[in-house]
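Following: one structure in structure tokens, then a few remarks.
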Amino acid sequence: MNNFAKSALVGAALALLTSSAAFAARADLVLGIVLEPPHIDPTAGAAAAIDEIVYANIFEGLTRIGPKGEVLPALAESWTLSDDGKTYTFKLHKDVKFHDGTSFDAEDVKFSLDRARGGDSTNAQKGLFAAIDTVEVVDPLTVKVTLKQPSGDFLYNMGWGDAVIVAPESAQTNKEKPIGTGPFKFDSWAKGSQIVISKNAAYWGKPALLDKATFRIIPDPAAATAALLAGDVQAFPVFPSYETIAQFEADPRFKVVIGTTEGETILGMNNKKPPFDNLKVRQAIAHAIDRKALIDGAMFGLGTPIGSFFPPHHPAYIDLTSQTAFDPELSKKLLAEAGHPDGFKTTLKLPPPTYARRGGEIIAAELRDVGIQAEIVPLEWAQWLDQVFKNKDYDMTIVSHTEPNDLNIFARDDYYFNYDNPAFKDLIKQIEATSDDAKRTELYQEAQKILATDVPAAFLFQLPKTGVWDAKIEGLWENGPIQANDLTAVKWAD
Amino acid sequence: MLNYAVKRILIGLATVLAASIVVFAMLEIVPGDPARLMLGMNATEDAVHALQEQMGLNQPLLARYFHWLGGLLTGDLGRSYTYSVPVVDLIVERVAVSLPLALISLVLSTAIALPVALYSASRRGTVADTASMGVAQIGVAIPNFWFALLLVYVFAVTLRLLPAGGFPGWNAGIWQALKALILPSIALALPQAAILARVARSALLDVLGEDYIRTARAKGLSRPGVLYRHALRNALIPILTIVGLQFAFLLAGTIIIENVFYLPGLGRLVFQAITQRDLIVVEGVVMLLVATVILINLVVDLSYAIVDPRLRNRP
């Protein structure tokens with residue numbers, strides 16, 4: 001190669017380098033998600049994958065949930081509560097536009113809330129709106145919501161993804177082409193492959209820092225690992241491959257962030273079916289489980305043990321794990337007292353997630369040590385919902401309840417636990433009607449104690465949020481107070 | 001020839017109809033309700049009922065079958081319960097990935113297998129024959145998903161030459177799209193090539209033992225001349241059978257490879273639809289695959305007749 005060619009090459013290389021330096025402030029991001037949403041209308045489906053794309057990015061509600069699980073204002077800039085605790089008056093932001101250019105006002109709020117609680121509503125969380133009595137438009141920027149009774153949860157409930165505000169013009173087509181008010185707008189969806197959203201230049205609030213975000217659907221844990229390593233995907237907010245987390249921790253190109261979620265993982269028991277109708281049997285099962293071994297074995301050490309149905313990061317949490325500590329001898333003794341000195345045969349129905357399948361094998365082995373022979377029955381989600389959840393045709397199951405603020409499921413009539421404690425139900429009613437924080441904390445703690453004592457389920461561990469992303473990305477949520485990927489503050493470090 | 005073709009086509013159509021009944025009936029008895037699945041664990045009963053109504057799930061079975069069959073005949077496969085878009089659109093998007101992938105893999109596998117088989121067969125018993133068949137045996141034994149992961153680690157993670165997976169779509173440019181299909185098609189093709197090479201070699205050897213080959217040689221035809229003009233043509237029938245089967249497999253049975261490379265192909269569409277109980281999508285895709293397999297078999301049957309003139313005059 002002659003000198004001229006050499007210097008030309010060097011020059012070209014330099015040009016490439018400087019041009020890539022000019023692009024250093026990247027404004028695009030590819031995120032990996034495990035499950036593809038069935039559609040992307042958060043008001044018509046329970047799939048977490050819907051909110052993982054649209055929450056806070058495309059759609060907004062009156063309020064929103066922040067990174068610490070706190071309630072923040074969103075489309076409502078402020079609100080007041082009447083003295084009887086029943087009427088909320090929301091003051092809305094002005095100059096807000098939907099992505100199709102139509103303007104947002106109080107009529108849209110009334111439409112959305114009435115639609116969600118109406119007779120033909122297919123909202124997956126219709127219960128959130130049960131407290132609402134009437135919704136009135138006072139003026140274009142003021143809405144008055146009157147409740148049937150005071151509710152301490154109302155503002156939180158309005159922050160759920162299922163309670164976002166949609167426009168009557170686009171409500172029917174949001175499943176395919178979501179039209180919201182958020183800082184990002186929907187761009188395209190290649191089914192089975194990826195969903196792309198881009199910056200909404202006409203956003204009413206603080207604009208997004210990214211120009212474009214792509215959610216790539218990667219269900220296979222090994223493929224997820226390869227995609228991050230190859231740089232095809234730069235962030236996996238909920239990384240599915242626990243076994244390769246250590247590898248990423250050791251790699252300076254990546255940041256591994258283990259946070260908390262609202263997912264209480266439990267060993268559910270059919271409280272009306274013998275022998276599980278006997279408290280001593282349920283206690284025996286709880287004492288037979290070594291939570292530490294379970295978390296190490298099934299979760300590669302990630303996850304926090306819980307002794308009741310409450311998230312450890314909540315201010316009102318109390319650690320009750322010692323009440324059902326691992327004690328196989330006590331477990332055997334309790335079984336004998338319950339009339340099963342030689343244990344019994346039963347089944348353990350497991351839905352598809354890894355925590356359930358791996359956890360189920362460990363728990364079955366631990367139960368065998370105290371004499372309980374649990375046959376493992378693996379189920380798909382559809383079968384699980386049908387057999388266990390709807391028809392209560394089960395003995396034991398493992399599942400994570402990922403909804404926030406869901407202590408009340410133990411107070412529901414006809415829920416799959418078949419647990420029925422009037423004192424607990426009464427307590428939940430009180431909590432729902434209380435807005436004073438100190439009083440609520442006290443009631444929450446009482447409720448946790450009741451569950452730890454009654455053992456309607458064996459409480460196992462809180463699911464972790466295992467985030468892995470490029471070390472240069474800032475602003476992704478560390479914890480998962482709700483299942484969302486809020487990208488409003490995400491950017492590449494310079 | 002015409003008689004033979006008409007008979008094959010009629011048999012094909014009858015099989016499609018029979019398959020439609022079996023597919024529909026089998027999926028109807030699968031437990032699980034798509035509406036409940038969609039709305040999850042916190043849904044109220046009336047919301048579930050409202051959604052069932054919306055999806056048309058509360059009509060009687062027979063009515064739904066005939067409605068579906070009528071749609072099939074007019075090319076309307078219905079609307080997906082979960083995606084709520086026409087099933088046909090979903091399938092077309094996926095075929096745009098699965099069909100090129102299957103074709104590339106098939107061409108690749110045949111292009112590797114036939115030369116190897118010809119080489120081995122013409123040098124039967126030599127070290128070269130044993131070695132190439134040994135490699136083929138390993139190729140048959142290696143699970144393709146493991147091989148796929150190996151390819152990803154070498155070419156995507158370490159060398160960063162090709163993407164680890166995903167499919168950018170044909171709009172992103174032919175080269176971008178083809179680049180995404182290179183590793184998956186190699187992962188699919190090599191095990192298929194190994195099988196095909198072994199089958200083709202033994203088919204060739206069977207033919208090479210025939211009297212007419214000796215006669216041809218005795219008449220002074222060269223070894224390669226015999227191999228290409230007489231042996232290969234007569235060995236094509238078992239080879240075509242395997243190629244036909246492989247094409248059907250490559251079109252529908254590639255879910256594992258689709259998962260490793262997270263490609264939006266037909267396999268993953270069916271898998272996802274089954275887990276979400278989006279039965280109308282499952283029915284549509286399965287019927288399409290049944291029809292395709294029958295069509296491939298028909299083409300193979302007809303090509304037998306081209307390869308082997310004796311078959312043309314059979315009733």
Side-chain angles (χ1 to χ4, degrees), chain A residues 30 32 35-39 41 44-48 118-128 130 162 175-176 188 190-194 216-220 222-233 352 380-387 389-390 399 401-403 406 409 415-416, chain B residues 30-44 46-48 50-51 53-54 80-85 89-90 93-94 97 145 148-149 152-153 155-158 160 162-169 171 256 258-265 268-269 271-272 274-278:
Chain A
V30 183
L35 292 176
E36 178 168 38
H39 58 72
D41 179 357
D120 53 357
S121 157
T122 54
N123 195 299
Q125 310 289 347
K126 207 175 164 182
L128 295 178
D162 306 78
K175 282 184 176 173
E176 275 304 294
S188 67
K191 300 263 163 32
S193 183
Q194 61 184 28
R216 196 157 289 164
I217 301 139
I218 307 181
D220 184 69
T225 305
L228 273 172
L229 287 175
D232 292 359
V233 163
E380 284 177 274
W381 272 122
Q383 292 172 307
W384 186 90
L385 280 171
D386 195 56
Q387 293 180 24
F389 192 73
K390 180 172 167 236
V399 71
H401 283 265
T402 53
E403 262 88 23
D406 57 357
I409 60 176
Y415 204 64
Y416 78 105
Chain B
V30 174
D33 173 357
R36 192 170 294 278
L37 195 68
M38 179 101 91
L39 295 185
M41 288 163 69
N42 244 356
T44 58
D46 57 333
V48 173
L51 189 59
E53 185 90 19
Q54 220 181 67
S80 158
Y81 296 152
T82 43
Y83 284 133
S84 49
V85 294
D89 294 0
L90 283 177
E93 279 176 24
R94 302 303 177 104
V97 179
F145 68 89
L149 283 174
V152 168
Y153 273 92
F155 292 100
V157 174
T158 312
R160 296 217 169 190
L162 294 164
F167 186 71
N171 304 340
I256 293 173
E258 284 175 24
N259 248 342
V260 173
F261 292 101
Y262 46 103
L263 290 172
R268 260 176 72 203
L269 177 65
F271 182 73
Q272 193 174 341
I274 291 173
T275 55
Q276 292 176 338
R277 291 297 182 272
D278 195 349

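Numbered from 1 within each chain, the chains take letters A, B, ... in sequence-line order. Just so it is clear, the structure is predicted and the values come from calculations on it, not from any experiment.
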Query raised in the report: Between the side chain of A/D120 and the main-chain N/O of B/A50, is any donor-acceptor distance below 3.5 Å?
Result: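 Between the backbone of B/A50 and the side chain of A/D120 there is no qualifying donor-acceptor contact (under 3.5 Å).
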Region of [X] that comes under 4.5 Å of a non-hydrogen atom in chain A:
X: B/E258; result: neither
X: B/Y153; result: side chain
X: B/V157; result: both
X: B/L269; result: neither
X: B/L90; result: side chain
X: B/R36; result: both
X: B/Q54; result: side chain

What residue, out of [options], has the most heavy-atom pairs lying under 4.5 Å from chain B?
options: A/Q383, A/Q125, A/Q387; value: A/Q125
options: A/S121, A/G231, A/A46; value: A/A46
options: A/V233, A/I217, A/L128, A/N123; value: A/I217

Requested in this report: With rounding to the nearest 0.5 Å, note down the distance linking CG in A/D406 to CE in B/M41.
Outcome: 8.5 Å
Need one label for [X]: side chain, backbone, both or neither, based on atoms under 4.5 Å from any heavy atom in chain B.
X: A/D232; answer: side chain
X: A/A47; answer: backbone
X: A/A130; answer: neither
X: A/K175; answer: side chain
X: A/S193; answer: both
X: A/Q194; answer: neither
X: A/P352; answer: neither

Query raised in the report: Between A/H401 and A/F389, is the ring centre distance below 6.0 Å?
Result: no
Hey, are the side chains of [X] and [Y] touching, using non-hydrogen atoms and a 4.5 Å cut-off?
X: B/P264; Y: A/K191; result: no
X: B/V260; Y: B/L149; result: yes
X: A/V399; Y: A/Y416; result: yes
X: B/Y262; Y: A/D220; result: no

Report task. Compute whether any side-chain donor of one residue and acceptor of the other, for B/Q276 and B/Y83, lie under 3.5 angstrom apart. Result ->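 Distance-only check fails for B/Q276 and B/Y83.
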Query - Under the salt bridge (Lys or Arg N to Asp or Glu O under 4.0 Å) test, residues paired with A/D41 that sit two or more places apart - result: A/R115
Report task. Not counting sequence neighbours, which residues clear salt bridge (Lys or Arg N to Asp or Glu O under 4.0 Å) with B/R277? List them please. Result ->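 Checked B/R277 against salt bridge (Lys or Arg N to Asp or Glu O under 4.0 Å); matches are A/E380.
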Requested in this report: Decide, yes or no, whether a salt bridge links A/K126 with B/D46 under the criterion of side-chain N to carboxylate O below 4.0 Å.
Outcome: yes
Query raised in the report: In terms of heavy-atom pairs under 4.5 Å with chain A, which of B/V48, B/D33, B/T158, B/N259 leads?
Result: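 So the answer, after comparing B/V48, B/D33, B/T158, B/N259, is B/N259.
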